[in-house]
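In this text, all values refer to a predicted model and were calculated from it rather than measured experimentally. Quick note on labels: first sequence line is chain A, next is B, and so on, each numbered from 1.
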There are 2 protein chains.
Amino acid sequence: MTSEITELPHPARSDMQLTDVLFALSDPERLAIVRQLAGGPLEMAQCHLSDPAIPKSTKSHLMKVLREAGVIRNEPLGRGRRLSLRHDDLEARFPGLLGSVLSASAEA
Amino acid sequence: MTSEITELPHPARSDMQLTDVLFALSDPERLAIVRQLAGGPLEMAQCHLSDPAIPKSTKSHLMKVLREAGVIRNEPLGRGRRLSLRHDDLEARFPGLLGSVLSASAEA
DNA sequence: TGATTGGTTCGAAATTATTCGAACCAATCA
DNA sequence: TGATTGGTTCGAATAATTTCGAACCAATCA
């Protein structure tokens with residue numbers, strides 16, 4: 001019984017939609033996640049939300065929106081998951097966008 | 001009877017919220033409006049939507065979302081309204097953001 | 001003045017997005 | 001094996017957005 005790995009679907013670079021990316025980034029909680037990941041990949045368990053009481057199903061859904069837009073990558077790692085920003089793909093597809101969003105979100 | 005002019009409220013530059021701007025730009029129809037205005041101010045009647053059958057109340061609402069986020073300015077002009085992109089304010093508050101969005105939306 | 005044009009606002013209906021608990025699954029460790 | 005940890009998925013409830021017609025308003029022009 002080769003058990004199936006829980007690999008989640010990610011859009012190809014060429015399939016990323018600008019409006020989807022903008023929408024994913026338009027939520028404060030999701031934007032905060034992106035900012036954490038800007039510092040480098042993180043295990044999901046170490047990626048904290050503003051309110052620690054937020055249930056894991058909600059956290060999982062936030063990650064889903066970011067993943068389906070192509071903003072983050074979510075891959076299995078040991079017992080948990082490794083989250084990372086799709087820096088290169090975003091830069092190739094939408095040059096300068098992520099950088100301007102990150103620097104704009106930094107000074108608020 | 002000095003009749004009241006229909007001046008609509010616009011957020012001050014310092015009150016603009018990044019997530020509101022991203023949300024406003026995350027809708028294809030609104031993004032298309034912004035792209036038209038990138039060419040310079042336009043009378044609202046000359047700013048066309050993808051589908052000409054869309055009612056004016058809907059068009060007005062699209063403009064409202066853009067205006068309240070601080071993306072566009074909407075001022076009375078003669079019988080109609082003059083729409084313009086708040087280029088300078090956006091650039092001052094979120095440097096590079098509008099430019100990257102516009103160039104990203106151009107190549108799709 | 002009256003008719004026309006261009007646009008806002010309101011309210012209701014329809015659509016989408018968010019939130020959360022429960023069920024489930026896979027990996028690790030005792 | 002059994003218990004624990006970390007996470008996804010589903011379904012239902014709620015909340016937010018969108019859409020549209022109707023009512024309204026101000027400016028222009030006949």
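Atoms NZ (B:K64) and C1' (D:dT18) sit 12 Å apart, rounded to a whole Å. In this structure, B:N74 atom CG and C:dG6 atom C1' are separated by 12 Å, rounded to whole Å. What separates CZ of A:R81 from P of C:dA27 is a distance of 10 Å, to the nearest Å. As rounded to whole Å, 17 Å separates atom C1' of D:dT8 from atom CZ of A:R79. Counting to the nearest Å, the P atom of D:dT19 and the CD atom of B:E29 are 8 Å from each other. Remark: C1' of C:dT18 and NZ of A:K56 are 19 Å apart, rounded to the nearest angstrom. Here C:dT8 presents its P atom at 12 Å from CG of B:L66, a figure rounded to the nearest Å. When rounded to the nearest whole Å, the span between CG of B:L83 and P of C:dT8 equals 8 Å.
In terms of modelled atom types and a separation under 3.5 Å, the side chain of B:H10 and the main chain of B:R67 share no donor-acceptor contact. The backbone N or O of B:F23 lies less than 3.5 Å from a partner atom in the side chain of B:S26, making a donor-acceptor pair.
Within a 6.0 Å radius of NZ in A:K59, other residues, nucleotides and ligands contribute more than 12 heavy atoms.
Side-chain atoms of A:S57 lie closest to C:dA22 of the nucleotides C:dA26, C:dA22, D:dT19. Taking only side-chain atoms of A:P55, from C-beta outward, the nucleotide of D:dG7, C:dG21, C:dT19 with the closest atom is C:dG21. The nucleotide whose nearest atom lies closest to any side-chain atom of A:F23 is, among C:dT18, C:dC20, D:dT19, C:dT18. Checking C:dG21, D:dA22, C:dG6 against every side-chain atom of B:A45, the shortest atom distance belongs to C:dG6.
Taking only side-chain nitrogens and oxygens, A:T58 comes nearer than 4.0 Å to OP1 or OP2 of C:dC20.
In terms of polar N and O atoms assigned as donor or acceptor, the side chain of B:S60 never comes within less than 3.5 Å of the base of C:dG7 in a complementary pairing.
Nearest-nucleotide assignment on DNA chain C puts the 5′-proximal partner with B:R67, out of A:I54 and B:R67.
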Test side-chain hydrogen bond (donor to acceptor under 3.5 Å, both in side chains) applied to A:T6 and A:R81, step by step: CA-CA 10 Å; A:T6 55; A:R81 302 216 147 240; 2.5 Å; yes
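Pairing for C:dT19 is with D:dA12, a Watson-Crick or G-U wobble pair whose two hydrogen-bonding atom distances lie under 3.5 Å. Across all strands shown, D:dT18 pairs with C:dA13; the Watson-Crick or G-U wobble distances both stay below 3.5 Å. Using the Watson-Crick or G-U wobble rule with both distances under 3.5 Å, D:dT28 pairs with C:dA3.
Across all strands shown, B:R82 has no heavy atoms under 4.0 Å from either base or sugar-phosphate atoms.
At least one side-chain heavy atom of B:L18 sits less than 4.5 Å from a side-chain heavy atom of B:L97.
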